[in-house]
Amino acid sequence: MPPIPTPPAVVAPSGLVTGSDGTTLASYDTTYYFDQLIDHNNPSLGTFSQRYWFSYEYYEPGGPIVLFTPGEVAADAENGAAVLLEHRFYGYSNPYGNLSVASLQVHTIQQAIDDLAYFAKTVSLPMPGGSSVKPTQAPWILTGGSYSGALTSFTVVNQPDVFYAAWASSAVVESIVDYWGYFDPIRVFMPQNCSNDVQAVINYIDTTFTFGTPAEINSIKTMFNMNLSHLDDFAGALRNNLWDWQSLQPDSGPDQQFFQFCDALEVKNGVSAPAQGWGLQHALQAWSSYWATTYYPGICGTLDAEDCLGSYDPTQSYYSDISIDNAGRSWEWIVCNYMGFLQDGAPLGYPTIVTRLVQPLYDERQCGYFFPEQFPVPTAPNVAATNLAYHGWFVNVDRLFFANGQRDPWREATVSANGTNFKSTPWQPIAEGDGFHTSDLIIRTARSTRPSRPCRRRGLRL
């Protein structure tokens with residue numbers, strides 16, 4: 001499954017916390033519960049328990065309430081209290097006891113927006129005076145990264161009178177069906193020798209799978225030791241090596257999976273390839289060897305290729321598991337219905353580092369496997385309605401700050417996408433650093449690395 005657009009996971013420190021006045025507070029990992037409406041259009045359906053986490057370690061009277069949805073953010077710079085609210089249908093914040101199509105009818109972008117507004121207006125926060133800091137009594141700042149950054153933008157468009165200001169990091173505000181642009185920042189910013197050799201291998205595989213003889217096709221399958229019956233599954237599986245880019249941050253070291261992949265292709269007898277790479281012959285042999293001996297066992301273990309990487313069996317538990325706490329299924333519902341982001345090869349005539357054999361129909365077919373009652377026939381996500389409702393790239397809201405990174409694979413869905421040329425304004429600043437995905441929200445990189453500091457400083461000035 002393609003990576004979910006979300007900030008990197010962060011483990012909260014354990015143990016008691018001491019407030020700015022010396023008071024002992026609950027630990028960061030203390031879980032609180034809020035009675036959230038199941039359906040904001042029909043309150044008579046009742047409520048469900050929505051989890052949240054909260055700290056007022058740095059809070060001083062008059063300071064803001066920083067609401068994050070969800071991820072990591074610092075409230076210390078503004079003497080604020082920090083709240084992290086779990087999104088409906090993720091983790092254990094579920095209106096119903098399963099993730100069936102019937103249950104997911106209230107898993108919409110609009111319901112998530114309404115959750116944030118209803119929480120802010122009605123919650124009594126667990127701190128002294130916590131019932132007297134509603135948005136009409138104290139400034140609330142909404143913040144999020146990636147999809148939740150988009151949700152931040154969508155919320156201040158849809159609910160303009162609830163939040164005083166908003167911080168949207170790597171916010172994927174423009175919903176796009178054919179999101180081949182995911183791989184373009186990777187192609188540009190990855191080591192160029194690796195980029196050139198990957199392009200050569202992918203072009204060879206696509207050409208062979210399209211025009212080659214059965215013997216030539218089987219030769220590639222043998223090299224990778226991966227026998228998949230559908231050639232688009234085979235070629236599409238190689239995207240996994242490129243998806244590893246999303247886990248990188250400015251302080252990532254050479255031990256990261258993506259760099260190990262490039263080293264396997266580009267370091268020969270202790271010597272690194274020149275910028276043009278070693279060429280097809282070496283790159284194909286090196287990639288297939290690395291895949292067969294190292295990478296495939298790491299992602300699939302003892303599963304055979306069809307069970308691990310095949311996409312044409314609708315009876316696989318991958319598609320039919322409706323148990324809760326399944327972020328992949330919850331996100332797939334948003335993808336298939338509202339946002340798209342189907343990640344495939346670049347158009348003909350444009351360089352590509354992933355296969356063109358995978359096109360949007362490949363993923364739209366799988367939407368029907370995940371949610372057969374919702375999609376009896378392959379259907380494109382209704383991104384036009386989403387962009388119309390929440391303004392996509394063309395958002396224009398007071399005190400909404402966008403922070404983006406040039407190396408972010410989700411950049412082409414943000415207001416910093418190539419060709420958009422949106423201008424930063426005093427009321428809606430746009431800061432773009434040399435970082436990766438949501439780098440400005442990760443405290444260790446935002447404070448200590450050059451690519452992220454300018455974004456953080458501009459956001460805090462707002």
Q) When rounded to the nearest 0.5 angstrom, what distance separates CG in Asn42 from CG in Leu37? A) 10.0 Å

Q) Any donor-acceptor pair under 3.5 Å linking the side chain of Ser170 with the backbone of Ser146? A) no

Q: Kindly say whether Tyr338 contributes a backbone atom to a donor-acceptor pair with the side chain of Thr386 at under 3.5 angstrom?
A: yes

(Q) Taking Glu306's backbone N and O only, do any of them form a donor-acceptor pair with Gln316's side chain (distance below 3.5 Å, no angle check)? (A) yes

**Q.** Distance flag, aromatic centroids of Tyr318 and Tyr369, threshold under 6.0 Å
**A.** no

Q: Give a yes-or-no answer on whether the side chains of Thr30 and Trp53 include a donor-acceptor pair shorter than 3.5 Å.
A: no

Q | Under 3.5 Å: donor-acceptor pair, side chain of Thr122, backbone of Tyr118 | A | yes

Q) Atom NE2 of His230 and atom CG of Leu309: how far apart are they, to the nearest 0.5 Å? A) 14.0 Å

Q. Is any NZ, NE, NH1 or NH2 atom of the basic residue among Arg407 and Asp434 found under 4.0 Å from an Asp or Glu carboxylate oxygen of the other?
A. yes

Q: State yes or no: are the ring centers of Phe402 and Trp167 separated by less than 6.0 Å?
A: no

Q) Does the Gln428 side chain pair with the main chain of Val397, one donor and one acceptor, at a distance under 3.5 Å? A) yes

Q) Any side-chain heavy atom of Ser153 sitting closer than 4.5 Å to one from Leu400? A) yes

Q: Please work out whether the ring planes of His107 and His87 are parallel, tilted or perpendicular, with thresholds of 30° and 60°.
A: perpendicular

Q | Side-chain donor or acceptor of Asp232 paired with backbone N/O of Leu357 under 3.5 Å | A | no

Q) Do Gln199 and Ser195 have a side chain donor and acceptor closer than 3.5 Å? A) yes

Q: Answer whether the closest heavy-atom distance between the side chains of Asp325 and Tyr92 falls below 4.5 Å.
A: yes

Q) Considering only heavy atoms from C-beta outward, does the side chain of Gln374 approach that of Gln105 to under 4.5 Å? A) yes

Q.
Could you tell me if the side chain of Phe163 sits less than 4.5 Å from the side chain of Pro135, heavy atoms only?
A. no

Q.
Side chains of Glu86 and Ser93: any donor to acceptor distance under 3.5 Å?
A. yes

Q. Mind checking whether Phe341 and Trp410 have parallel, tilted or perpendicular rings, split at 30° and 60°?
A. perpendicular

Q: Of all the heavy-atom pairs spanning Gly253 and Phe259, show the shortest one and how long it is.
A: O-CD1, 3.4 Å

Q: Check the side chains of Asp39 and Gln111 for a donor-acceptor pair under 3.5 angstrom, ignoring hydrogens and angles.
A: yes

Q) So do the side chains of His437 and Trp245 get within less than 4.5 Å of each other, counting heavy atoms only? A) no

Q. Say you draw a straight line from SG of Cys367 to OH of Tyr319; how long is it, rounded to the nearest 0.5 Å?
A. 10.0 Å

Q. Between Gly236 and Thr355, what is the shortest heavy-atom contact and its length?
A. N-CG2, 3.8 Å

**Q.** side chain to side chain contact (heavy atoms under 4.5 Å, CB included) evaluation trace for Trp333 with Val101
**A.** CA-CA 9 Å; Trp333 178 263; Val101 169; 4.2 Å; yes

Q: Mind listing the closest non-hydrogen atom pair of Pro191 and Cys262 along with its distance?
A: CD-SG, 4.4 Å

Q | Cationic tip of Arg329 above Phe370 ring, under 6.0 Å, 45° of axis | A | no

Q: Hey, could you give me the CH2/CG distance between Trp243 and Leu238, rounded to the nearest 0.5 Å?
A: 10.0 Å

Q | Separation of Ile322 CD1 from Phe371 CZ (nearest 0.5 Å) | A | 11.0 Å

Q. Does a side chain donor of either Asn158 or Tyr390 reach within less than 3.5 Å of an acceptor in the other side chain?
A. no

Q: Please check if the side chain of Trp393 supplies one atom and the backbone of Val173 the other of a donor-acceptor pair under 3.5 Å.
A: no

Q. Any chance the rings of Tyr32 and Tyr52 have centres within less than 6.0 Å?
A. yes

Q. Does the side chain of Leu441 come within less than 4.5 Å of Phe68's, by heavy atoms?
A. yes

Q) So, Asn241 and Trp291: side-chain donor and acceptor under 3.5 Å apart, yes or no? A) no

Q.
Give me the atom names and distance for the closest heavy-atom approach of Asn404 to Ser416.
A. ND2-OG, 2.8 Å

Q | Where Pro185 and Arg411 come nearest, the two heavy atoms and their spacing | A | CG-CB, 4.5 Å

Q. Going by heavy atoms in the side chains, are Phe258 and Ser252 under 4.5 Å from each other?
A. no

Q. Any side-chain heavy-atom pair from Trp140 and Val162 closer than 4.5 angstrom?
A. no

**Q.** Side-chain (Ser148) to main-chain (Thr69) donor-acceptor, under 3.5 angstrom
**A.** yes

Q. Going through the checks in order, is the side chain to side chain contact (heavy atoms under 4.5 Å, CB included) test met by Ile353 and Met190?
A. CA-CA 11 Å; Ile353 56 174; Met190 68 191 287; 4.3 Å; yes

Q) Is it true that a side-chain atom of Tyr295 and a backbone atom of Asn240 form a donor plus acceptor pair closer than 3.5 Å? A) yes

Q. What closest approach, in Å, do Ala81 and Met127 show between heavy atoms, and which atom pair accounts for it?
A. CB-SD, 4.4 Å

Q | Ring-face cation contact, Tyr312 with Arg365, 6.0 Å cut, 45° max | A | yes

Q: Nearest 0.5 Å please: distance from the OG atom of Ser439 over to the CG atom of Asp408.
A: 7.5 Å

Q) Is the centre of the Phe394 ring less than 6.0 Å from the centre of the Phe422 ring? A) yes

Q: For side chain to side chain contact (heavy atoms under 4.5 Å, CB included), just list the numbers for Asp115 and Arg88, CA-CA rounded to whole Å, side-chain angles, deciding distance to a tenth of an Å, and then say yes or no.
A: CA-CA 8 Å; Asp115 283 350; Arg88 62 169 54 210; 2.7 Å; yes

Q. Between Asp114 and Gln159, does any side-chain donor sit less than 3.5 Å from a side-chain acceptor?
A. yes

Q. How about Tyr147 and Trp331: are their ring centres within less than 6.0 Å of each other?
A. yes

Q. Distance-only, no hydrogens or angles: does the Ser100 side chain make a donor-acceptor pair with backbone N or O of Ser103 under 3.5 Å?
A. yes

Q.
Once you measure the plane-to-plane angle for Tyr290 and Phe261, does it fall in the parallel (<30°), tilted (30-60°) or perpendicular (>60°) bin?
A. tilted

